A.B. asks: 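Structure provided below as structure tokens; questions to follow.
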Amino acid sequence: MTDRRTFPHEPPSPTPVRRRPPLLLTAALVAGTALVMTGTATAAPLRTDSGEFSARGLGGGVTIVPGRSGLVEISGYDGADLPAGSSLRLTAPAGARVTGTPLADTARFQGSVTADGATGTYIYVRDSGPGSWKDGGYPFALAVDARAVPGTRLPGCAVVLTDAGGARRASGSCTVTVGMPVPTLTEPAGGTFVSGAARLAGTSYPGARVSVLDAAERKVCAGVARIDGTWSCTPDTALPEGANRLHASAAFNGVSAVGEDVDFTVTARTA
């Protein structure tokens, strides 16, 4: 059985197995996390307290599966360099919480997260030299509630950059989209022998439309996941005898996910 989920940080397989490129632009992995995407949102010019303009607002985006964690990278500041004592704060959207500030492991930043996960903060602490906040993305780890509905955007994610005196220098928002859990194909099990007309079954998000595809991306059959998350379907045409490779693809509320490949053998009769 080959794991089809690609974390950048992702893929391996001794067998030439078809790989789908990640749908997301930049992915990041933290322990027990899901695939995530980062990006920069645009905003109207912002006048800072010092009278300067920032041509872009702060922003970023991420897609996270319910009950999992991911990273959102905040970027977009192009104002004046800010020295030690300046800080970047992210407020988590409804239905999510901040769980970490990965850059706190470096010598340049201190990081903190409130006990309830409502906010996370980076403080620039380098003793010499300015901290520009313009040299890349600043990652915050977010965890999405297991009850979140795939395809929804969680409201209320906000970011603020302040100088050492607490004056606001830039602000913006981030987009947190609830992703689609990966569907499974459990019948037939990998490495087994089945008949060509065998029932196919597995699990997915309740209400998701599940399609079973072969190695050439041809649809074998389709079904809808029941309230308990199970689905099943029977091929309209018997599967060819010999080695077969199938995988499940699920879609719901505008988001989708692809399961891992399952290799099995079709015989004239079930062994």
Side-chain angles (χ1 to χ4, degrees), residues 1-13 15 17-24 27-29 32-37 62-70 95 143-154 176-192 194-239 243-266:
M1 184 178 295
T2 305
D3 190 349
R4 300 181 58 79
R5 292 164 289 181
T6 48
F7 291 67
H9 340 301
E10 319 177 15
S13 189
T15 327
V17 175
R18 176 190 66 267
R19 295 291 177 196
R20 292 181 181 72
L23 298 177
L24 311 178
L29 176 66
T33 66
L35 182 74
V36 301
M37 172 183 71
V62 63
T63 297
I64 307 176
V65 174
R68 305 294 294 277
S69 298
V144 169
D145 192 291
R147 296 164 296 181
V149 178
T152 58
R153 288 191 174 182
L154 303 181
V176 180
T177 303
V178 182
M180 181 69 185
V182 174
T184 67
L185 174 60
T186 56
E187 296 179 34
T192 59
V194 300
S195 70
R199 186 186 79 133
L200 308 178
T203 62
S204 186
Y205 187 83
R209 178 71 177 177
V210 181
S211 297
V212 179
L213 307 174
D214 64 16
E217 298 296 325
R218 292 183 296 257
K219 184 185 292 187
V220 173
C221 64
V224 176
R226 307 175 187 90
I227 194 168
D228 64 354
T230 62
W231 62 267
S232 62
C233 63
T234 302
D236 295 329
T237 303
L239 298 172
N244 277 257
R245 171 173 289 161
L246 301 178
H247 65 272
S249 176
F252 180 84
N253 202 20
V255 291
S256 59
V258 177
E260 62 185 22
D261 284 321
V262 175
D263 295 297
F264 59 94
T265 301
V266 171

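Just so it is clear, the structure is predicted and the values come from calculations on it, not from any experiment.
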A.B. asks: Is there a salt bridge (charged side-chain N to carboxylate O under 4.0 Å, His left out) between R226 and D228 once you walk through the steps?
C.D. replies: CA-CA 5 Å; R226 307 175 187 90; D228 64 354; 5.2 Å; no

A.B. asks: Taking L246 as the fixed residue, which of L200, L213, D263 is the one that meets the side-chain contact (heavy atoms from CB on, under 4.5 Å) rule?
C.D. replies: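 The option that passes is L200.
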
A.B. asks: Atom CD in E260, atom CZ in R245: separation rounded to 0.5 Å?
C.D. replies: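 Between E260 CD and R245 CZ, I get 11.5 Å after rounding to 0.5 Å.
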
A.B. asks: Would you call R209 and S204 a side-chain contact if the rule is heavy atoms closer than 4.5 Å?
C.D. replies: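 Sidechains of S204 and R209: no contact.
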
A.B. asks: Quick check for you: to the nearest 0.5 Å, what is the distance between T177 atom OG1 and I64 atom CD1?
C.D. replies: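 It comes to 9.5 Å.
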
A.B. asks: Which heavy atom of S195 sits nearest a heavy atom of V266, and at what distance?
C.D. replies: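 What the structure gives for the nearest pair is C-CG1, 3.9 Å.
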
A.B. asks: What are the two closest non-hydrogen atoms of A216 and D214, and how far apart are they?
C.D. replies: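 Looking at all heavy atoms of both residues, the shortest contact is N-OD1, 2.9 Å.
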
A.B. asks: At their closest point, which heavy atom of G179 faces which heavy atom of P66, and how far apart are they?
C.D. replies: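 Looks like O-CD, 3.3 Å.
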
A.B. asks: What pair of heavy atoms forms the shortest contact from V224 to W231, and how long is it?
C.D. replies: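 Minimum heavy-atom contact is O-CB, 4.0 Å.
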
A.B. asks: Measure the spacing between SG of C221 and CZ of R199 and express it to the nearest 0.5 Å.
C.D. replies: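 With rounding to 0.5 Å, SG (C221) is 10.5 Å from CZ (R199).
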
A.B. asks: Apply side chain to side chain contact (heavy atoms under 4.5 Å, CB included) to Y205 and N253, showing your working.
C.D. replies: CA-CA 11 Å; Y205 187 83; N253 202 20; over 6 Å; no

A.B. asks: Is it true that a side-chain atom of D145 and a backbone atom of G95 form a donor plus acceptor pair closer than 3.5 Å?
C.D. replies: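 No; judged by distance alone, with no hydrogens or angles, the pair does not exist.
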
A.B. asks: Would you say V178 and L154 make side-chain contact, with heavy atoms under 4.5 Å?
C.D. replies: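 Yes, at least one pair of side-chain atoms sits under 4.5 Å.
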
A.B. asks: Taking all non-hydrogen atoms of both residues, which atom of P181 and which atom of A257 are closest, and how far apart?
C.D. replies: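 For P181 and A257, the tightest heavy-atom pair comes out as O-CB, 3.6 Å.
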
A.B. asks: Under 4.5 Å between any side-chain heavy atoms of L239 and F264, yes or no?
C.D. replies: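 Contact flag for L239/F264 side chains = yes.
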
A.B. asks: Before giving the answer on side chain to side chain donor-acceptor pair (under 3.5 Å), spell out for S249 and S211 the whole-Å C-alpha distance, their side-chain angles and the decisive distance to 0.1 Å.
C.D. replies: CA-CA 5 Å; S249 176; S211 297; over 6 Å; no

A.B. asks: Which heavy-atom pair separates V255 from G151 by the least distance, and what is that distance?
C.D. replies: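 Nearest pair, atom of V255 first, then G151: CG2-N, 3.5 Å.
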
